[in-house]
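Just so you know, these numbers come straight off a predicted model, no measurement behind them. Computation of the quantities below employed the complete heavy-atom set of this structure, encompassing side-chain atoms and omitting hydrogens, waters and symmetry-equivalent molecules. Whatever order the structure lists them in is the order used to number ligands and atoms, beginning at 1.
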Amino acid sequence: MMFDYLVVGAGFAGCVLAERLARGSGKKVLICDVRPHVGGNAYDHHDDAGILVHRYGPHIFHTNSKEVFEYLSRFTEWRSYQHRVRAWVDGQLLPVPINLDTINGLYGLHLTSLEVDAFFAARAEPREHLKTSEDVIVSKVGRELYEKFFKNYTRKQWGLDPSELDASVTARVPVRTNRDDRYFTDTYQAMPLHGFTRMFDRMLDHPGIKILLKTDFREIRDQIPHAEVIYTGPVDTYFEHRFGKLPYRSLEFKFETKDQPVHQAAPVINYPNENAYTRITEFKYLTGQLHAKTTIVYEFPGSDGDPYYPVPRPENAALYRRYEELARSTSGVHFVGRLGTYRYYNMDQVVAQALALYAKLAGAPQWKAA
Ligand code: FAD
Ligand code: UDP
């Protein structure tokens with residue numbers, strides 16, 4: 001049996017490509033993953049207590065892209081969900097992103113929106129260029145708030161000082177002068193009603209798609225005939241680290257089930273302080289599941305383990321560019337996804353990137369002729 005495509009990795013990138021190539025273009029697709037399940041890092045499952053949890057940390061879907069939302073809606077119904085986060089700072093749980101209530105709560109003030117704007121302006125340190133993750137925050141709210149909310153969290157999460165990380169990292173989190181305490185403001189914010197894994201199962205449920213789990217691509221690449229490869233694993237691994245290793249940040253997850261229906265006061269609590277973990281998530285808030293017990297997960301960052309985060313900083317981008325060039329000149333292999341293109345992408349950005357690659361493949365002259 002000859003496959004048109006061998007898709008490496010069954011995360012968002014791999015599943016979208018497999019689905020589109022098979023259902024959209026009648027291609028024969030083999031999708032493999034080294035893990036024993038589909039879904040990549042967005043995989044969810046019911047734990048021993050029967051609570052739906054995310055095996056690789058909390059995944060909250062949000063996007064401004066109608067196209068991405070409508071595409072995924074073919075495979076799942078949704079539960080509307082607006083995410084909220086609190087940070088444990090100076091003995092209080094305060095809203096993150098920093099907003100009016102964060103400042104009033106932290107300092108025992110009664111400022112209005114206009115006054116808090118002036119409060120930030122009086123403390124902000126002007127920076128000519130916003131190059132680093134420190135610049136972004138200090139130039140908006142000043143050093144004290146930066147130290148309370150960002151410095152230690154970032155040092156734990158990345159093993160680097162914010163001054164060593166691209167501005168784009170902390171720029172993911174806005175600062176607000178109103179009382180909006182939602183973590184995201186995207187047009188579409190929702191969780192797949194029956195979970196991510198059910199959605200992936202429906203994407204891959206097509207006679208043109210064969211799934212091979214617990215299988216490293218390197219074991220089968222020479223055994224199973226295929227015309228082209230879609231590769232969503234780490235790009236440096238594909239090339240056997242020819243130019244050196246691209247740094248990735250990893251996490252260890254510690255799950256605990258509590259014999260109570262609700263454990264903490266918010267879906268996610270961030271710990272920008274001395275604890276070894278960065279945040280604790282309580283899944284039932286995300287999924288809306290009703291259950292007498294509840295499961296939480298702690299995230300402990302580290303440099304060893306599965307690659308979860310590309311590390312955005314100039315020297316890594318420069319190293320990636322060398323791999324990118326090599327990838328571009330490697331015929332018959334298409335690199336896509338968070339690890340395949342070394343980009344700190346959210347799920348919706350990966351879906352958009354995968355749909356764009358599909359459009360490119362489907363528009364290629366050899367396809368049109370076929
Ligand atoms: P992955 O999901 O990593 O899939 C790649 C797959 O390739 C993996 O399953 C891997 O096992 C497989 N693979 C690698 N090498 C091989 C090989 N040689 N052979 C076979 N298989 C291989 N995004 C959001 O939008 N919202 C969130 O709230 C959010 N929270 C997150 C929280 C955490 C802790 C993490 C780590 C990420 C989060 N993300 C979130 C990002 C999201 O996980 C990614 O954008 C998305 O899952 C990336 O999909 P992908 O297909 O590119 O990669
Ligand atoms: N961050 C922080 N304190 C917080 C929240 C975020 O310092 O309370 C910084 C930290 O560097 C983090 C980055 O902002 O890695 C992006 O946060 P986000 O919540 O988007 O991270 P993710 O969900 O991708 O892990």
Q: Within ligand 1, which atoms have a heavy atom of Tyr345 less than 4.0 Å away?
A: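 Selected atoms, number and element: 41 (C), 44 (C), 45 (O).
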Q: Provide, to 0.1 Å, the distance between atom 36 (C) of ligand 1 and the closest protein heavy atom, together with that atom's residue and name.
A: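 Heavy-atom neighbour on the protein nearest atom 36 (C) of ligand 1: Tyr308 CB, 3.6 Å.
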Q: Hey, which atoms in ligand 1 end up nearer than 4.0 Å to a heavy atom of Gly11?
A: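 Taking each heavy atom of Gly11 in turn, ligand 1 has 2 (O), 4 (O), 51 (O) under 4.0 Å.
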Q: Kindly confirm or rule out a cation-pi arrangement of Arg55 over Tyr43, judged by NZ or CZ under 6.0 Å from the six-membered ring centre and within 45° of its axis?
A: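 That pair does not qualify as a cation-pi contact.
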Q: Suppose we measure from atom 16 (C) of ligand 1 to each protein heavy atom; which comes out shortest, and what is that distance?
A: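 Ranked first by proximity to atom 16 (C) of ligand 1 is Val8 CG1, 4.0 Å.
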Q: Please verify whether a non-hydrogen atom of Thr215 lies at under 4.0 Å from ligand 1.
A: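 Per 4.0 Å heavy-atom rule, Thr215 contacts ligand 1.
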Q: In the structure I gave you, are the side-chain heavy atoms of Phe61 and Tyr81 within less than 4.5 Å of one another anywhere?
A: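 Sidechains of Tyr81 and Phe61: no contact.
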Q: Ring centroids only, cut at 6.0 angstrom: are His62 and Phe184 within range, meaning strictly under it?
A: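 Yes - the distance between ring centres of His62 and Phe184 falls below the 6.0 Å cut-off.
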Q: For atom 7 (O) of ligand 1, find the nearest protein heavy atom and state the residue, atom name and distance (0.1 Å precision).
A: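 Ranking protein heavy atoms by distance from atom 7 (O) of ligand 1, first comes Gly9 CA, 3.2 Å.
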Q: So which atom in Lys140 and which in Ala124 form the shortest heavy-atom distance, rounded to 0.1 Å?
A: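 Looking at all heavy atoms of both residues, the closest pair is O-CB, 3.7 Å.
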Q: Short list, please: which atoms of ligand 1 are under 4.0 Å from a heavy atom of Leu251?
A: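 Every atom of ligand 1 under 4.0 Å from some heavy atom of Leu251: 34 (C).
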Q: Please state which protein non-hydrogen atom is closest to atom 18 (N) of ligand 1 and give its distance, to 0.1 Å?
A: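 Protein heavy atom at minimum distance: Asp216 OD1, 3.0 Å.
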Q: Does any N/O atom on Phe184 come nearer than 3.5 Å to any N/O atom on ligand 1?
A: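 Between Phe184 and ligand 1, no N or O pair is found under 3.5 Å apart.
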Q: N/O to N/O below 3.5 Å, does that happen between Tyr56 and ligand 1?
A: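 Among all N and O atoms of Tyr56, none is under 3.5 Å from an N or O of ligand 1.
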Q: I want to know if ligand 1 touches Asn41 in the polar sense, i.e. an N/O pair below 3.5 angstrom.
A: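 Right, the criterion is met.
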Q: Kindly confirm or rule out a cation-pi arrangement of Arg35 over Tyr56, judged by NZ or CZ under 6.0 Å from the six-membered ring centre and within 45° of its axis?
A: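 Geometry flag: set, cation within 6.0 Å and 45°.
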Q: Is there a donor in the side chain of Thr132 and an acceptor in the side chain of Ser163, or the other way round, less than 3.5 Å apart?
A: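 No, Ser163 and Thr132 have no side-chain donor paired with an acceptor closer than 3.5 Å.
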Q: I'd like to check which ligand 1 atoms, numbered from 1 as shown, lie under 4.0 Å from a non-hydrogen atom of Thr232.
A: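 It comes down to these atoms of ligand 1: 5 (C), 7 (O).
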Q: Taking C-beta and beyond as the side chain, do Thr177 and Asn99 meet within less than 4.5 Å on heavy atoms?
A: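 Heavy-atom side-chain distance check fails, nothing below 4.5 Å.
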Q: So among Glu256, Glu282, Gln264, Lys258, which one has a side-chain hydrogen bond (donor to acceptor under 3.5 Å, both in side chains) with Thr294?
A: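 Only one of Glu256, Glu282, Gln264, Lys258 forms a side-chain hydrogen bond (donor to acceptor under 3.5 Å, both in side chains) with Thr294, namely Glu282.
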Q: Is the shortest N/O to N/O distance between Asp33 and ligand 1 below 3.5 Å?
A: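 It does: an N or O of Asp33 is found under 3.5 Å from an N or O of ligand 1.
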Q: Would you say ligand 1 has an N or O under 3.5 Å from any N or O of Tyr309?
A: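 N/O-N/O distance under 3.5 Å: no.
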Q: Looking only at protein heavy atoms, which one is nearest to atom 28 (O) of ligand 1, and what is the separation?
A: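 Here the closest protein heavy atom is Ile60 N, 2.8 Å.
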Q: Can a salt bridge be assigned to the pair Arg143 and Glu125 using a cut-off of 4.0 Å between side-chain N and carboxylate O?
A: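 Counted as a salt bridge, because a side-chain N and a carboxylate O are separated by less than 4.0 Å.
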Q: Under 4.0 Å from a heavy atom of Arg35: give me the atoms of ligand 1 that qualify, with their elements.
A: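 Per the distance check, 8 (C), 9 (O), 11 (O).
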Q: Quick check: do Leu72 and Phe196 have side-chain heavy atoms less than 4.5 Å from each other?
A: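 Of all side-chain heavy-atom pairs linking Phe196 with Leu72, none is under 4.5 Å.
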Q: Any side-chain heavy atom of Pro272 sitting closer than 4.5 Å to one from Phe150?
A: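 Result no, sub-4.5 Å side-chain heavy-atom pair not found.
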Q: Hey, could you give me each pair passing salt bridge (charged side-chain N to carboxylate O under 4.0 Å, His left out) that has a residue in residues 262-279? Not counting sequence neighbours.
A: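 For residues 262-279: Arg279-Glu299.
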Q: Could you tell me, atom by atom, which parts of ligand 1 come under 4.0 Å of a heavy atom of Leu339?
A: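 Listed by number with element: 3 (O).
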Q: Determine, for Phe243 and Arg322, whether the Lys NZ or Arg CZ falls below 6.0 Å from the six-membered ring centre while staying within 45 degrees of the axis.
A: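 Cation-pi check for Arg322 and Phe243: passes.
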Q: Does a side-chain heavy-atom distance below 4.5 Å link Asn152 with Tyr271?
A: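 Side chain of Asn152 against side chain of Tyr271, heavy atoms only: no contact under 4.5 Å found.
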Q: Do the ring planes of His83 and Tyr183 sit parallel (below 30°), tilted (30 to 60°) or perpendicular (above 60°)?
A: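 Perpendicular.
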Q: Run the ring-centre check on Phe253 versus Tyr277 and record whether the distance is less than 6.0 Å.
A: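 No, the ring centres sit 6.0 Å or more apart.
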Q: Judged on heavy-atom distance to atom 23 (N) of ligand 1, which of Met347, His54, Gln349, Gln157 sits nearest?
A: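 Nearest heavy atom to atom 23 (N) of ligand 1 lies in Met347.
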Q: Before signing off on this row, confirm whether Arg338 and ligand 1 have an N or O atom pair separated by under 3.5 Å.
A: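 Between Arg338 and ligand 1 (N or O atoms, distance only) the closest approach is under 3.5 Å.
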Q: Regarding Lys28 and the six-membered ring of Phe3, is the cationic atom NZ or CZ under 6.0 Å from the ring centre and inside 45° of its axis?
A: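 Judged by the rule, Lys28 and Phe3 form no cation-pi pair.
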Q: Hey, which atoms in ligand 1 end up nearer than 4.0 Å to a heavy atom of Gly337?
A: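 Counting atoms of ligand 1 from 1, those under 4.0 Å from Gly337 are 52 (O).
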Q: Would you verify whether the NZ or CZ of Arg172 falls within 45 degrees of the ring axis of Tyr344 while also being under 6.0 Å from that six-membered ring's centre?
A: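 So Arg172 does make the cation-pi contact.
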Q: Among all the protein's non-hydrogen atoms, which is closest to atom 19 (N) of ligand 1, and how far away is it?
A: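 Sorting protein heavy atoms by distance from atom 19 (N) of ligand 1 puts Phe217 N, 3.0 Å first.
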Q: Can you tell me the protein heavy atom closest to atom 20 (C) of ligand 1 and the distance?
A: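 In this structure, atom 20 (C) of ligand 1 has Val34 N, 3.3 Å as its nearest protein heavy atom.
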Q: List below, pair by pair, the N or O atoms of ligand 2 and of the protein that are less than 3.5 Å apart, including the distance to 0.1 Å; reply 'none' if no pair qualifies.
A:
| residue | atom | partner | partner atom | Å |
| --- | --- | --- | --- | --- |
| ligand 2 | 3 (N) | Phe149 | O | 2.9 |
| ligand 2 | 7 (O) | Phe150 | O | 3.2 |
| ligand 2 | 7 (O) | Thr154 | OG1 | 3.0 |
| ligand 2 | 8 (O) | Asn270 | ND2 | 2.9 |
| ligand 2 | 11 (O) | Thr154 | OG1 | 2.8 |
| ligand 2 | 11 (O) | Trp158 | NE1 | 3.3 |
| ligand 2 | 15 (O) | Trp158 | NE1 | 2.9 |
| ligand 2 | 19 (O) | Tyr183 | OH | 2.5 |
| ligand 2 | 20 (O) | Arg172 | NE | 2.8 |
| ligand 2 | 20 (O) | Arg172 | NH2 | 3.3 |
| ligand 2 | 21 (O) | Tyr344 | OH | 3.2 |
| ligand 2 | 23 (O) | Arg279 | NH1 | 3.0 |
| ligand 2 | 24 (O) | Arg172 | NH2 | 3.1 |
| ligand 2 | 24 (O) | Tyr344 | OH | 2.6 |
| ligand 2 | 25 (O) | Arg279 | NH2 | 3.4 |
| ligand 2 | 25 (O) | Tyr309 | OH | 2.5 |

Q: Can you confirm, on distance only, whether ligand 1 has an N/O atom lying under 3.5 Å from any N/O atom belonging to His59?
A: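 The answer is yes, given that His59 and ligand 1 share an N or O pair closer than 3.5 Å.
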Q: Would you say Ala13 and ligand 1 have an N/O pair spaced under 3.5 Å apart?
A: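 Between Ala13 and ligand 1, an N or O pair is found under 3.5 Å apart.
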Q: Checking the N or O distance criterion of under 3.5 Å, is ligand 1 in contact with Phe12?
A: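 In this structure, Phe12 places an N or O atom under 3.5 Å from an N or O of ligand 1.
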Q: Between Glu228 and His334, is any side-chain donor less than 3.5 angstrom from a side-chain acceptor?
A: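 There is such a pair between these side chains.
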Q: Looking at ligand 1, does any of its N/O atoms fall within less than 3.5 Å of an N/O of Ala42?
A: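 No: no nitrogen or oxygen of Ala42 is under 3.5 Å from one in ligand 1.
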Q: Think Arg338 forms a cation-pi with Tyr309, using NZ or CZ under 6.0 Å from the six-ring centre and within 45 degrees of its axis?
A: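 Judged by the rule (NZ or CZ under 6.0 Å from the ring centre, within 45° of its axis), Arg338 counts as positioned above Tyr309.
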Q: Considering all protein heavy atoms, does one lie under 4.0 Å from atom 45 (O) of ligand 1?
A: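 Yes, because at least one protein heavy atom sits under 4.0 Å from atom 45 (O) of ligand 1.
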Q: For Pro58, which part has a heavy atom under 4.0 Å from ligand 1: side chain, backbone, both, or neither?
A: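 For Pro58, the contact with ligand 1 is made by the backbone alone.
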Q: Going by the atom numbers of ligand 1, which of them fall below 4.0 Å from some non-hydrogen atom of Gly233?
A: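 Near Gly233, meaning under 4.0 Å from one of its heavy atoms, ligand 1 has 14 (C), 15 (N).
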